[in-house]
Chemist: 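Supplied in structure tokens, the structure appears directly below.
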Amino acid sequence: MTDASNLHIAVIGAGPSGYAAAFLAADLGMKVTLIDPELNPGGVCLYRGCIPSKALLHVAKLIDESRYAKNWGIEYADPRIDLARLRSWKEGVVKKLTGGLGVLSKQRKVEYIQGRAAFENSNTLRVSRTDGTEDSLTFDRIILATGSRPAIIPSLKLETPRMMDSTSALDLSDVPGSLLVVGGGYIGLELGTVYAALGAKVSVVEMLPGLLPGADRDLVLPLHKRMEKIFDSILLNTTVGGVKEEANGIRVTFDGSEVKEREMLFDKVLVSVGRKPNSEIPGLEKTQVKIGPRGFIQVNKQLQTDDPAIYAIGDVVGEPMLAHKASHEGRTAVEAIAGHKVAFEPNAIPAVVFTDPEIAWCGLTETQAQKENREIKVAKFPWGASGRAITLDRPEGMTKLIVDPQTERVLGVGIVGAGAGELIAEGVLAIEMGALVKDVALTIHPHPTLSETVMESAEVFFGTSTHVYRPKRP
Ligand SMILES: Cc1cc2nc3c(=O)[nH]c(=O)nc-3n(C[C@H](O)[C@H](O)[C@H](O)COP(=O)(O)OP(=O)(O)OC[C@H]3O[C@@H](n4cnc5c(N)ncnc54)[C@H](O)[C@@H]3O)c2cc1C
């Protein structure tokens, strides 16, 4: 095994993968240099991704619930929104968390360089600090954690503040009267939800036949129904042909067989059509690192690139581009560098869409099983039969288990409903532990909670769920 304490490693990029890697490396006794343009670690996730979007979604949920409260005998006046204060609260959340990471970095004696790195060779970096100074630094190993950025469609590129990507949308400079979200993926739907709650008339356009392509349709359906109420329109099977700025907004042309209005005018347009890996790192051609067809850096299961001195982790190495996948890869890479026998081969990486209702899934999906022609059994528990869901007035949810019919092992879990993002962790644990459906059914869950829906979906598998009546076959 390598003596980790002799190693000096550099981590380029301080997002969730980079700072997780840097911190573990320091915990294992390595000398660590972490390089990123921001003042503190955090990357996209903390500065312009997961965290600011969730802070704003929390506010959106509050606004939405205050409107629903009418049904329970409580009526609130329409909210008055102080945008400057909302912005400063969101920025405060980001500052608190990134500042905390700065402290954790100092406590671990990680050398944090605010700047950018370029390669001189496989072991040497040219580091340009934001204060204007530059240095050539040599390391035993280098970890690339440079993340990703919003993808751009050339025909939708207009240099005007009326056109936004996820980063500028999170800046919340104003609430437009009307907003078109291009792309029905999770980022577009989450940000659309925020703007709709703040008062914008939001439309979503998606070129495929459904929102959230890739997620099982039965999970998406309750969300789609709710979104039809909060959004002005959802245009499916529709593409944006072009955009043109006019005095009063952006004129958008739509193409597709279901298009009713070929042209519409919006105050603002948010383009959210996926993300691209930041693999164009200056000087990378001086190393042996190889880049795959979609721009992702190629790595093995130890996250080592084709250059033995260089590892790569997070969004820059591939899907799913999610923070929790990124940080686990970061930890695996560092353990591999330390000489531990490790591989990144998870059975389940959870995906969560933080809309209302939330959608979460992990492991095998029904869509994937169908594609692979794989035999599965599916057990679904409707939240209309959950005491907790009824007390919350959220009966539209559903929990399902995807099970191997031969071994009765849980292969996948899907949940739609309030708080699905918290509930899915139990599914991940079940899959990683190789749980049988019986294990889940026999695990006593607290009452009344939404977590019981996981246990009862396992009971549904055996046809013995307490709260679901299944008539006996004659
Ligand atoms: C709006 C939005 C919402 C999201 N919500 C979620 C969510 O709820 N849950 C979830 O799991 N994921 C979410 N994501 C995705 C998540 O942010 C990413 O998966 C995650 O940040 C990837 O981490 P990373 O470490 O790979 O890179 P990043 O977080 O992208 O960080 C990379 C860092 O490297 C720096 N860098 C790049 N090149 C260089 C260089 N040459 N030198 C020095 N530094 C460099 C960049 O400036 C950046 O700071 C969201 C993303 C967006 C945009």
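Start at 1 and go down the list; that is how both ligands and their atoms are numbered. We number each residue from 1, following the sequence as shown.
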Chemist: Does ligand 1 have any atom sitting under 4.0 Å from a heavy atom of Tyr19?
Modeler: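 Per 4.0 Å heavy-atom rule, Tyr19 does not contact ligand 1.
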Chemist: Under 4.0 Å from any heavy atom of Lys54, which atoms of ligand 1 are there?
Modeler: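 Checking each atom against Lys54, I get 5 (N), 6 (C), 7 (C), 8 (O).
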Chemist: Give the atom numbers and elements of ligand 1 that come within less than 4.0 Å of a heavy atom of Leu322.
Modeler: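 With Leu322 as reference, the close atoms of ligand 1 come out as 10 (C), 11 (O), 12 (N), 19 (O).
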Chemist: Quick one: does ligand 1 sit under 4.0 Å from the side chain of Ser327, the backbone, both or neither, non-hydrogen atoms only?
Modeler: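 None of Ser327 does.
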Chemist: With heavy atoms of Gly147 as the reference, note each atom of ligand 1 found under 4.0 Å away.
Modeler: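 Counting from 1, the qualifying ligand atoms are 26 (O), 27 (O), 28 (P), 30 (O), 32 (C).
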Chemist: Run the numbers for me: atoms of ligand 1, each under 4.0 Å from some heavy atom of Gly314, listed by number.
Modeler: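 Counting from 1, the qualifying ligand atoms are 26 (O).
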Chemist: Closest by any non-hydrogen atom to atom 40 (C) of ligand 1: pick that one out of Ile12, Asn278, Leu170, Val127.
Modeler: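 Comparing heavy atoms across Ile12, Asn278, Leu170, Val127, the nearest one to atom 40 (C) of ligand 1 lies in Ile12.
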Chemist: On a heavy-atom basis, I'd like to know which of Gly43, Gly13, Gly18, Ala145 is closest to atom 32 (C) of ligand 1.
Modeler: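 Residue with the shortest heavy-atom distance to the ligand atom: Ala145.
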Chemist: Can you check whether Pro150's main-chain N or O pairs, donor with acceptor, with Asp165's side chain at less than 3.5 Å?
Modeler: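 No, because the side chain of Asp165 does not come within donor-acceptor range (under 3.5 Å) of the backbone of Pro150.
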Chemist: Tell me the nearest of Ile187, Leu57, Leu56, Leu46 to atom 52 (C) of ligand 1, using heavy-atom distances.
Modeler: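 Among Ile187, Leu57, Leu56, Leu46, the closest heavy atom to atom 52 (C) of ligand 1 comes from Ile187.
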Chemist: Using heavy-atom distances only, which candidate in Gly421, Gly49, Cys50 approaches atom 13 (C) of ligand 1 most closely?
Modeler: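 It is Cys50 that holds the nearest heavy atom.
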Chemist: Just to check, does Glu38 reach to within less than 4.0 Å of ligand 1 when the distance is taken from its heavy atoms?
Modeler: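 So Glu38 does not count as touching ligand 1.
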Chemist: For Gly115, take its heavy atoms, then give the atoms of ligand 1 lying under 4.0 Å from any of them.
Modeler: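 This gives 43 (C) as the contact atoms.
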Chemist: Short list, please: which atoms of ligand 1 are under 4.0 Å from a heavy atom of Ile35?
Modeler: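 The atoms of ligand 1 under 4.0 Å from a heavy atom of Ile35 are 43 (C), 44 (N).
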